[in-house]
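This report refers to the structure that appears directly beneath it.
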Amino acid sequence: PLPQVLDDPHEVERSGMLNMTKIAQGGRKLRKNWGPSWVVLAGNSLVFYREPPPTVPCTVWGPAGSRPESSVDLRGAALAHGRQLSSRRNVLHVSALPLIPEAPPGPRIRTVPGHEFLLQSDHEAELRAWHCALRAVIERLDRE
Ligand code: I3S
């Protein structure tokens, strides 16, 4: 079956290239490995692809059949400044659960070990826009 994110009809709220490193997976700390990532915010999910789609702006989901490198559910996710976690500037720390197709709807528990990412851009305004967009989605999902 296709990953749920590819079936998801939600409108893309924001997409773009950011520098990204995963720092924890399933609650276990990982060694940083910074690299560029095509990041897509849509519905309740944040999805990371290795590369942007070849034809912009039509295929916002990435190349047909391309598999996301990672995807997380923003329900119950936490956002914080990443300044204590990196020497880079303009860093955002995202903690969220992996996107599981059979996950029940409704609020999710923050204490379940999840994934943690750092997102970074050399352009402060770009990172700020991502921060606002993610915060708005997380707050909306918290109210649902
Ligand atoms: O938080 P750290 O451990 O200081 O992060 C730096 C290291 O992961 C480093 O790699 P190695 O120690 O594996 O060689 C990376 O190259 C740096 O980019 C990491 O720090 P920043 O401050 O860039 O997030």
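Indexing begins at 1, ligand by ligand and atom by atom, following the structure's order. Every heavy atom of this structure was used, including side-chain atoms; hydrogens, water molecules and symmetry mates were not.
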Stepwise side-chain contact (heavy atoms from CB on, under 4.5 Å) test for Ser37 and Glu51:
CA-CA 6 Å; Ser37 183; Glu51 288 172 8; over 6 Å; no
Working for side-chain contact (heavy atoms from CB on, under 4.5 Å), residues Leu41 and Leu134:
CA-CA 8 Å; Leu41 170 61; Leu134 285 164; 3.9 Å; yes
Going through the distances and angles, do Val47 and Val39 end up as a side-chain contact (heavy atoms from CB on, under 4.5 Å)?
CA-CA 6 Å; Val47 187; Val39 188; over 6 Å; no
Are there any protein N or O atoms under 3.5 Å from the N or O atoms of ligand 1? List them with distances, or say none.
from: ligand 1; atom 1: 1 (O); to: Lys32; atom 2: NZ; distance (Å): 2.8
from: ligand 1; atom 1: 5 (O); to: Lys32; atom 2: NZ; distance (Å): 3.2
from: ligand 1; atom 1: 13 (O); to: Arg31; atom 2: NE; distance (Å): 2.7
from: ligand 1; atom 1: 13 (O); to: Arg31; atom 2: NH2; distance (Å): 2.8
from: ligand 1; atom 1: 22 (O); to: Ser86; atom 2: OG; distance (Å): 3.3
from: ligand 1; atom 1: 22 (O); to: Ser87; atom 2: N; distance (Å): 2.7
from: ligand 1; atom 1: 22 (O); to: Ser87; atom 2: OG; distance (Å): 2.6
from: ligand 1; atom 1: 23 (O); to: Trp34; atom 2: NE1; distance (Å): 3.4
from: ligand 1; atom 1: 24 (O); to: Lys32; atom 2: NZ; distance (Å): 2.7
from: ligand 1; atom 1: 24 (O); to: Trp34; atom 2: NE1; distance (Å): 2.9
from: ligand 1; atom 1: 24 (O); to: Ser86; atom 2: OG; distance (Å): 2.7

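A distance-only check finds no donor-acceptor pair linking the side chain of Ser86 to the backbone of Arg83 [under 3.5 Å].
Figure legend: cation-pi geometry between Arg50 and Trp38 absent, as NZ or CZ is not positioned both under 6.0 Å from the six-membered ring centre and within 45° of its axis.
A salt bridge links Arg140 with Glu13; the closest basic N to acidic carboxylate O contact falls under 4.0 Å.
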